[in-house]
Amino acid sequence: MRRYQGRRNVTPFAAGMIALVILVVALYAAFIHNYPWTNPYELKATFANANNLAINSPVRVAGVAVGKVKSIESKSGSSASVVTMALNDAALPIHKDAEAKIRPRIFLEGNFFVDLKPGSPGEPTLSSGGDLPITQTFAPVQIDQILSVLQASPREGARRLIQGYGDALNGKPRPGEDRLADPATKGKTAAQSLNDSLDNAVPALRGVSQVNQAFLGVEPHDLSKLIRSTGQTAQILAKHEDSLKGLITNFNTTAAAFASQATALRTSIRLLPGVLTAADRTLLHLNESFPPLRQFSRDILPGVHETPATVAASFPWIAQARPLVSQAELGGL
């Protein structure tokens, strides 16, 4: 009799597909933070010009992507546009004084994005669907707007400036103009000299990088500690302004005294090497005399140790010799 199986075994292929789907959903939830079963936070902003934006353009807070542009609609009765943005939890909370700017993305990214500043923590927060007025939004200036401001005369001046800059880069030097120039650059245009300078740019930039690395210090926060200490020193000096003035005045007096004796000081500096040479010889001879003196001190040390006992032993003899040489015995010899 065969036993009935109530459920069927899952094949390895089906188990792998289920695991793959779970992994994709987990990664999507971890990096996108946008779940299909939830309603994202929506924020509306009125821009004077939103022609550079497109649907799904990113919205960033401090350079971090926190959402996308959901829709762009024209505001009735004006040339402004209302941009609706879908934001995730990383952008919240959005305060009443928040600001939004349309900025260009880097060259490799292309297009534009919305740079969102959530506002001050002390201000009230905006609920989903809130609107930022046009006074709190900023649109990028387009080249056609710049050209529309420039009239014929400024345009002609700008054209001459650009043309003159190009002639300065590509024009050959006139006779005598490069008389004081470096021999390696004589007869060359400014553009050629700039290209030649790039050959030395790598070691120069390497040196600058080493200097910047040295400025960081040996331990973390060395530079910040230095700046903090410099600020504290400046603050203390500011508190003792009168003493600082006196220090500068006294230093000025000292410098003036040195200046008045410039001839004598110059003579002293000229004679100083000979004095240092003679002093070096004297110190050398003195150093050579130290070993015999050290040996003599070591040899005389036992006799010095016996001196107190010798003096103590001489006291009885002195006591007996005093009556002998007295006036009564030897007539006060």
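None of the values given here were measured: they were computed from a predicted structure.
- Other residues, nucleotides and ligands contribute only 12 or fewer heavy atoms inside 6.0 Å of the CD atom of Q213.
- In this structure, T46 contributes its side chain and V82 its backbone to no donor-acceptor pair below 3.5 Å.
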Practice task
Determine, step by step, whether D97 and S120 satisfy the side chain to side chain donor-acceptor pair (under 3.5 Å) criterion, reporting the C-alpha distance in whole Å, the side-chain angles of both residues, the deciding distance to 0.1 Å, and the verdict.
Solution key: CA-CA 7 Å; D97 62 340; S120 305; 2.8 Å; yes
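- Under the 3.5 Å distance criterion, the side-chain polar atoms of N195 are matched with a main-chain donor or acceptor of A191.
- In this structure, S268 contributes its side chain and A264 its backbone to a donor-acceptor pair below 3.5 Å.
- Between the side chain of S128 and the main chain of E42, a donor-acceptor pair closer than 3.5 Å is present.
- Applying side chain to side chain contact (heavy atoms under 4.5 Å, CB included) to K117 and the options H95, K101, Q136 leaves one that passes, K101.
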Exercise for the section: I would like to know whether Q163 and R160 meet side chain to side chain donor-acceptor pair (under 3.5 Å); could you show each step before the answer? Expected result: CA-CA 5 Å; Q163 184 177 0; R160 291 179 180 178; over 6 Å; no
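- Side chain of N250 to backbone of G246: a donor-acceptor contact under 3.5 angstrom is found.
- Remark: side-chain polar atoms of N88 are paired, donor with acceptor, to backbone N or O of V66 under 3.5 angstrom.
- For N212 (side chain) and V208 (main-chain N/O), a donor-acceptor pair under 3.5 Å exists by modelled atom type.
- Put simply, the side chain of I134 does not reach to within 4.5 Å of the side chain of F47, judged on heavy atoms.
- Residues A257 and S260 approach most closely at O-OG, 2.7 Å, considering heavy atoms.
- Judged by distance alone, with hydrogens and angles left aside, the side-chain atoms of S57 form no donor-acceptor pair with the main-chain N or O of L53 at under 3.5 Å.
- With respect to the salt-bridge test (charged N to carboxylate O, under 4.0 angstrom), the residues D115 and R103 qualify.
- For CD of E123, the number of neighbouring non-hydrogen atoms (other residues, nucleotides, ligands) closer than 6.0 Å is greater than 12.
- P118 and A98 get closest at one heavy-atom pair: O-CB, 3.5 Å.
- When only modelled atom types and interatomic distance are considered, Q295 and D299 share a side-chain donor-acceptor pair under 3.5 Å.
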